[in-house]
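See structure below.
Values reported hereafter were calculated over all heavy atoms of this structure, with side chains retained and with hydrogens, waters and symmetry mates removed. Lettering of chains follows the sequences in order, A, B, ..., and the numbering in each one begins at 1.
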Amino acid sequence: MNIVVLVKQVPDTESVRKLVPGAGTLDRAAADGVINELDEYAIEEGLRIAEAHGGEVTILTMGPERAAESIRKALSMGADKAVHVLDDGIAGSDALATSAVIAAALGQAGFDLVIAGAESTDARTGVLAAMLAQRLGVPQLTLASKVDIEGTSVTVRRVSDEGIEVVQGSLPAVISVMEKINEPRYPSFKGIMAAKKKPVQTLTLADLSVGAGTAGLAGSSTEVADFEPAPPRGAGVIVKDEGEGGAAMAAFLAERKFI
Amino acid sequence: MAEVLVLVEHAGGEVKKVTAELLTAAARLGTPAAVWAGPGIEAGQPRLAEFGAVKVYVADSPDFADYVVAPKAELLASLVASAAPAAVLVAGSAEGKEVAGRLSVMTGAGVLTDAVDVAAGPDGAALVSHANFGGAVNVHARVKSGLAIIALRPNAVAPEAAAGSAVLEPVSFEASDAARAARVVSREVAAKSARPDLQEAQIVVSGGRGTGSAEGFKVIEELADVVGAAVGASRAVTDAGWYPHAFQVGQTGKTVSPQLYAAVGISGAIQHRAGMQTSKTIIAINKDPEAPIFEIADFGVVGDLFTVVPQLIEEIGKKKQL
């Protein structure tokens with residue numbers, strides 16, 4: 001089975017995240033880059049499916065040069081190879097533009113199963129997997145807390161707002177995974193050494209026949225009008241409990257008419 | 001004025017609160033027109049009229065329940081083609097965002113997810129507010145031209161009653177074969193809690209690592225129940241298995257925006273703040289005076305939650321009797 005796992009490098013949530021003045025795009029140089037957390041679950045799920053059913057795991061990343069660090073980490077976890085869409089023209093792509101580029105790369109690489117994290121910690125749009133299913137015309141098996149594959153049939157437990165939906169579709173398909181679907185493995189020393197020799201193919205927008213009007217800031221259908229740091233919340237009242245802390249809090253709630 | 005389509009969230013004929021919020025936001029951009037997918041419109045129509053829906057497109061097809069997301073997106077796409085709306089508003093739930101994503105691909109229109117406010121810009125087109133990076137940056141965004149697809153965070157816009165005629169307009173609908181690719185074979189509906197829904201609640205009481213155990217977490221439920229709140233939990237709590245993951249508030253859990261958020265025994269790491277920083281009023285109880293949660297709290301008590309919370313519960317009880 002040809003499994004493609006989508007991996008996004010995001011700014012570490014522990015570091016200060018900034019937007020670029022003017023464009024309102026993410027300043028990717030300002031913060032440390034890490035693999036988007038939910039994507040680690042996607043990588044692990046891909047590796048487990050390949051181990052159980054046979055096949056190859058390809059990492060697909062779109063991002064600047066430094067995203068190569070995240071690709072290496074994914075390879076050191078055990079993925080077989082990677083595709084890195086690297087082009088100045090992709091900077092500032094919104095969700096719709098991103099999905100066009102990824103769909104083109106998937107079309108070129110070929111796939112039986114695409115696995116993504118349910119959302120990224122930077123933009124948090126949560127739409128990419130659904131967009132890809134629509135573009136590729138394959139089943140959308142998203143928000144999965146469990147994945148079962150039997151032959152060409154894929155069944156997932158979808159975490160919906162109402163509970164769980166058991167959803168079924170046929171390969172090829174797009175899956176997105178939720179937190180805690182599995183326990184992502186740590187790269188072993190052997191894995192880290194092996195990753196250095198694994199093939200990483202670099203593709204440009206031209207290689208994918210994606211026109212400049214489809215990707216990047218110019219090709220995006222949305223734009224940031226303006227932005228500003230959130231005003232600091234008014235300094236609150238902090239009291240030390242010396243026997244009356246709970247009563248003081250109740251008085252505050254009464255004053256604000258919550259009780 | 002152009003129509004603004006609102007995809008109604010409903011279960012068993014009951015219209016969810018977020019739909020009233022969507023109708024209120026829609027009225028700022030044009031003429032609110034509700035879109036009802038599935039059965040039960042008879043029960044839901046009065047509620048839609050109460051919040052200003054001028055008409056209701058009704059498509060009752062089993063496809064909406066039998067197949068994931070795609071049929072709803074196809075219904076909206078067909079209405080976009082026939083009604084030429086200025087915008088489409090959906091709930092910023094996980095499913096709502098997916099509907100928005102597919103609709104965006106179908107129509108080529110831009111999608112703005114997790115909006116915390118919507119207003120008409122100088123040109124009348126939608127200008128959307130986002131609270132990015134866990135509420136650290138306020139961003140205004142818009143589509144460059146044409147149709148705007150907007151997913152609005154539940155509880156962010158206050159619903160305002162506005163009389164609407166809610167005239168029913170039946171629409172015939174049949175999903176395409178492609179939209180029938182992911183089939184729902186069964187459902188396990190979560191047991192209905194007596195407490196309000198986490199993302200719709202006016203008050204959320206959340207507990208963190210400081211509760212120490214599943215047993216210790218019960219004090220959070222007690223406090224929630226005396227103020228009629230939903231219960232939330234930090235990641236430390238759900239990771240430890242003291243409370244179910246479905247109640248996790250934060251970066252990788254639910255995002256909430258209640259009138260009052262109580263963080264009890266929660267240090268307030270960015271992971272957690274990302275899910276609650278847009279709450280209107282924040283109170284905190286933590287034994288560490290340096291806990292970052294106090295930086296965003298309107299009122300905080302530095303102390304042991306196991307003495308502060310019982311006293312708080314008792315005092316609330318006294319005030320209720322007055």
Side-chain angles (χ1 to χ4, degrees), chain A residues 13-14 17 19 24 37-38 94-96 99 121 124-128 130-131 134-135 137-143 158 160-169 179-180 221-230 233 236-241 245-250 252-254 256 258-259, chain B residues 11 68-70 93-95 97-98 100-102 104-106 109-114 127 131 133 135-144 178 181-190 227 245 251-252 260 270-271 281 283 294 296-303 308-309 311-312 315-316 319:
Chain A
T13 51
E14 297 295 332
R17 293 173 290 178
L19 296 177
E37 192 181 330
L38 288 174
D94 69 0
L96 187 60
S99 73
T121 56
R124 297 195 73 190
T125 62
V127 297
L128 188 73
M131 283 180 163
Q134 177 68 36
R135 284 192 188 275
V138 301
Q140 177 193 325
L141 304 170
T142 49
L143 310 178
R158 172 181 168 87
S160 78
D161 297 310
E162 315 294 334
I164 296 287
E165 291 171 338
V166 179
V167 182
Q168 209 167 57
E179 190 180 12
K180 297 191 172 79
S221 48
T222 57
E223 63 185 359
V224 169
D226 58 68
F227 66 91
E228 58 185 12
R233 295 183 77 102
V237 177
I238 311 296
V239 300
K240 190 171 181 330
D241 179 39
M249 186 165 269
F252 172 82
L253 294 179
R256 296 287 180 101
F258 286 113
I259 51 174
Chain B
V68 168
V69 178
S93 56
E95 174 162 321
K97 289 193 281 190
E98 292 190 332
R102 292 190 80 115
S104 171
V105 171
M106 287 177 193
V111 61
L112 299 159
T113 49
D114 204 21
L127 195 60
F133 305 149
V137 182
N138 290 335
V139 176
H140 287 117
R142 61 192 168 211
V143 298
K144 287 179 181 169
R183 191 166 59 89
V184 179
V185 291
S186 66
R187 277 196 174 77
E188 298 163 23
V189 178
V227 292
H245 183 245
Q251 184 93 62
T252 51
L260 174 65
I270 179 74
Q271 207 305 119
T281 299
I283 59 174
F294 289 127
I296 57 167
D298 297 287
F299 191 89
V301 175
V302 179
V308 176
V309 173
Q311 186 181 61
L312 175 58
E315 291 291 325
I316 291 169
K319 288 186 195 302

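For the set B:Thr113, B:Ile270, B:Asn138, the entry with the most heavy-atom pairs within less than 4.5 Å of chain A is B:Asn138. Ranking B:Ala70, B:Gly110, B:Gly300, B:Ser93 against chain A, the residue ahead of the rest is B:Gly300, based on heavy-atom pairs under 4.5 Å. For the set B:Glu95, B:Lys97, B:Gln271, B:Arg102, the entry with the most heavy-atom pairs within less than 4.5 Å of chain A is B:Arg102. In terms of non-hydrogen atom pairs under 4.5 Å with chain B, the most contact-rich of A:Ala230, A:Ala254, A:Gly163, A:Gly126 is A:Ala230. Among the candidates B:Val189, B:Val309, B:Asp114, B:Ile316, the residue making the largest number of heavy-atom pairs closer than 4.5 Å to chain A is B:Ile316. Ranking A:Lys180, A:Met131, A:Glu223, A:Lys240 against chain B, the residue ahead of the rest is A:Glu223, based on heavy-atom pairs under 4.5 Å. Your options are B:Ala178, B:Ser104, B:Gly303, and the one with the most heavy-atom pairs under 4.5 Å with chain A is B:Ser104. Residue with the most contacts toward chain B among A:Val224, A:Val237, A:Thr142, A:Asp241: A:Val237 (heavy-atom pairs, distance under 4.5 Å).
For a residue to count as touching a neighbouring chain, one of its non-hydrogen atoms must lie under 4.5 Å from one of that chain's; by this rule A:Leu128 does not touch chain B. For A:Arg124, the parts sitting under 4.5 Å from any heavy atom of chain B are the backbone and the side chain alike. Interface remark: B:Val227 contributes side-chain atoms only to the contact with chain A (heavy atom separation under 4.5 Å). For chain B, no part of A:Asp94 is nearby; none of its heavy atoms comes within less than 4.5 Å. No part of B:Ala131 comes within reach of chain A, as not one of its non-hydrogen atoms sits under 4.5 angstrom from that chain. Of the two parts of B:Val69, only the side chain, counted from C-beta on, holds a non-hydrogen atom closer than 4.5 Å to a non-hydrogen atom of chain A. Proximity to chain B (any heavy atom under 4.5 Å) is shown, for A:Ser160, by neither the backbone nor the side chain. For chain A, the nearby parts of B:Ala94 are the backbone and the side chain; heavy atoms of each come within less than 4.5 Å. Contacts between A:Glu37 and chain B at a heavy-atom distance below 4.5 Å involve the side chain alone, from C-beta outward.
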Practice item. Quick one: do B:Lys319 and A:Leu253 satisfy side-chain contact (heavy atoms from CB on, under 4.5 Å)? Show the steps, please. Key: CA-CA 10 Å; B:Lys319 288 186 195 302; A:Leu253 294 179; over 6 Å; no
Practice item. Report the C-alpha separation of A:Leu96 and B:Val105 in whole Å, then their side-chain angles, then the decisive distance to 0.1 Å, and conclude whether the side-chain contact (heavy atoms from CB on, under 4.5 Å) test is met. Key: CA-CA 7 Å; A:Leu96 187 60; B:Val105 171; 3.8 Å; yes
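Take B:Arg187 and apply the salt bridge (Lys or Arg N to Asp or Glu O under 4.0 Å) test, not counting sequence neighbours, and it matches A:Glu165.
A distance of 8.5 Å separates CD of B:Glu315 from CD1 of A:Ile259, quoted to the nearest 0.5 Å. Between atom CD of residue B:Gln251 and atom CD of residue A:Glu179 there is a gap of 10.0 Å, rounded to the nearest 0.5 Å. The structure places CZ of A:Arg256 at 5.0 Å from OG1 of B:Thr281, a figure rounded to the nearest 0.5 Å. Here the CG-CZ distance, from B:Leu260 to A:Phe252, works out to 8.0 Å after rounding to the nearest 0.5 Å. The structure places CG of A:Asp226 at 7.0 Å from CG of B:Leu127, a figure rounded to the nearest 0.5 Å. Residue B:Asp298 holds its CG atom at 9.0 Å from CD1 of A:Ile238, rounded to the nearest 0.5 Å.
Across all their heavy atoms, A:Gly245 and B:Val308 have their closest contact at C-CG1, 4.1 Å. Closest heavy-atom contact between B:Ala109 and A:Ser221: C-OG, 4.2 Å.
At least one donor-acceptor pair closer than 3.5 Å links the side chain of B:Gln311 to the backbone N or O of A:Ala247.
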